[in-house]
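Chain letters run A, B, ... following the sequence lines, proteins first, then strands; residues in each count from 1. Remember, it's a predicted structure, so these values are computed and weren't measured experimentally. What you see below is based on every heavy atom in this structure, not just the backbone, and it leaves out hydrogens, waters and symmetry mates.
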There are 2 protein chains.
Amino acid sequence: MPDSLRRFKADIFQALGHPTRIAIIELLQNGELSAGELMAKLGMEQANVSQHLAVLRGKLILVNRKAGNQVFYSVRDPIIVEVLALMRKYFQKQLKEAQGLLSEMDKTPVTTGQ
Amino acid sequence: MPDSLRRFKADIFQALGHPTRIAIIELLQNGELSAGELMAKLGMEQANVSQHLAVLRGKLILVNRKAGNQVFYSVRDPIIVEVLALMRKYFQKQLKEAQGLLSEMDKTPVTTGQ
DNA sequence: CAATCATATTCGCAACTTCGAATATTCAAC
DNA sequence: GTTGAATATTCGAAGTTGCGAATATGATTG
């Protein structure tokens, strides 16, 4: 596994490693939105949203299309959306395991040491 | 999409967002290894490897098993390995697109303006 | 060409990350 | 119990990230 590939993956993951940027990609899942629409839906500062968009653009995760006054963003490759979907599956599985653990503890209570 | 789920995803992505940690997960893809074996294969400082292991452990991406003197690490859930595999597919696709773009430029050279 | 709207960039600060050096912990063997 | 091996934690310096305030750019409208 060449190191360049690992750096590439790490860069993409790092770009995905912020809740606002996850939210942006989820909002763009079903088609493009303008920067302003994203800002409104996220309910965040204009500059802040623009900075997060710049990060995702910089890693080529998003592409943009200028139309007059506005800039429309979309996800460049649906594989990224797949990655997020896999992550949701992971989350649900972990949750289920945690619940299984809890009900296991119900059945065989542990002494508290007090 | 609840915010807690987005924070969870972002946390996992952030944990994956470092080349050394990608390398660790790739090394553990086919089964457990001790911290020492990982250190040797990575060729990095002991403390550094241990810190990266701590990050992955903290997010429950890795689990460990102590056997005498040593600690063996493994990937908790194969979905994480799937995520990395998807990422490789993504990388290859991006590469192919970039190459396509290049050969397109070969066919219809662009004036340099000089 | 002024005024305005949509978006991007810059700046400074606080918070976080990464690293190696040093130190601590834990187990095993003698 | 002392030594040594394997691993973890703490510390401080250097670098990076995230944020809002302020400012810049660029297209549109009068």
Within residues 72-81 of chain A or reaching into it, pairs that qualify as salt bridge (Lys or Arg N to Asp or Glu O under 4.0 Å) - sequence neighbours excluded: A/Arg76-B/Glu97, A/Asp77-B/Lys93
From [atom1] of [X] over to [atom2] of [N], roughly how many Å is that when rounded to an integer?
X       : N      : atom1 : atom2 : result
B/Met44 : D/dT7  : CE    : C1'   : 16 Å
B/Ile24 : C/dT18 : CD1   : P     : 11 Å
B/Glu45 : C/dT23 : CD    : C1'   : 15 Å
A/Phe13 : C/dT17 : CZ    : C1'   : 19 Å
B/Gln70 : D/dA5  : CD    : C1'   : 10 Å

Within residues 48-57 of chain A or reaching into it, pairs that qualify as side chain to side chain donor-acceptor pair (under 3.5 Å) - sequence neighbours excluded: A/Arg21-A/His52, A/Asn48-A/His52, A/Arg57-A/Tyr73
For [X], give me all partners under side chain to side chain donor-acceptor pair (under 3.5 Å), at least two apart in sequence or on another chain.
X       : value
B/Glu32 : B/Arg65
B/Asp11 : none
B/Glu37 : B/Ser34

A/Gln14 side-chain N/O to C/dT17 phosphate OP1/OP2 under 4.0 Å: no
B/Tyr73 vs D/dA6: side-chain N/O to OP1/OP2 distance below 4.0 Å: no
With sequence neighbours excluded, residues passing side chain to side chain contact (heavy atoms under 4.5 Å, CB included) with A/Gln92: A/Arg88
Review item, nucleotides 22-26 of chain D N/O atoms under 3.5 Å of protein N/O:
residue: D/dG26; atom: N2; partner: A/Asn69; partner atom: OD1; Å: 3.2

Non-neighbouring partners of B/Phe8 that pass ring-ring contact (aromatic ring centres under 6.0 Å, His included), sequence neighbours left out: A/Phe91
All ring-ring contact (aromatic ring centres under 6.0 Å, His included) counterparts of A/Tyr90, not counting sequence neighbours: none
Sequence neighbours excluded - ring-ring contact (aromatic ring centres under 6.0 Å, His included) pairs with any residue from residues 25-48 of chain B: none
Closest non-hydrogen atom pair between A/Glu26 and A/Leu84, with its separation: CG-CD1, 4.0 Å
Heavy-atom pair with the smallest gap, counting every atom of A/Ala23 and A/Leu42: CB-CD2, 3.7 Å
Contacting residues from residues 32-41 of chain A, given that a heavy atom lies under 4.0 angstrom of DNA chain D: none
Neighbours of DNA chain D within residues 48-67 of chain B, by heavy-atom distance under 4.0 Å: B/Ser50, B/Gln51, B/Arg57
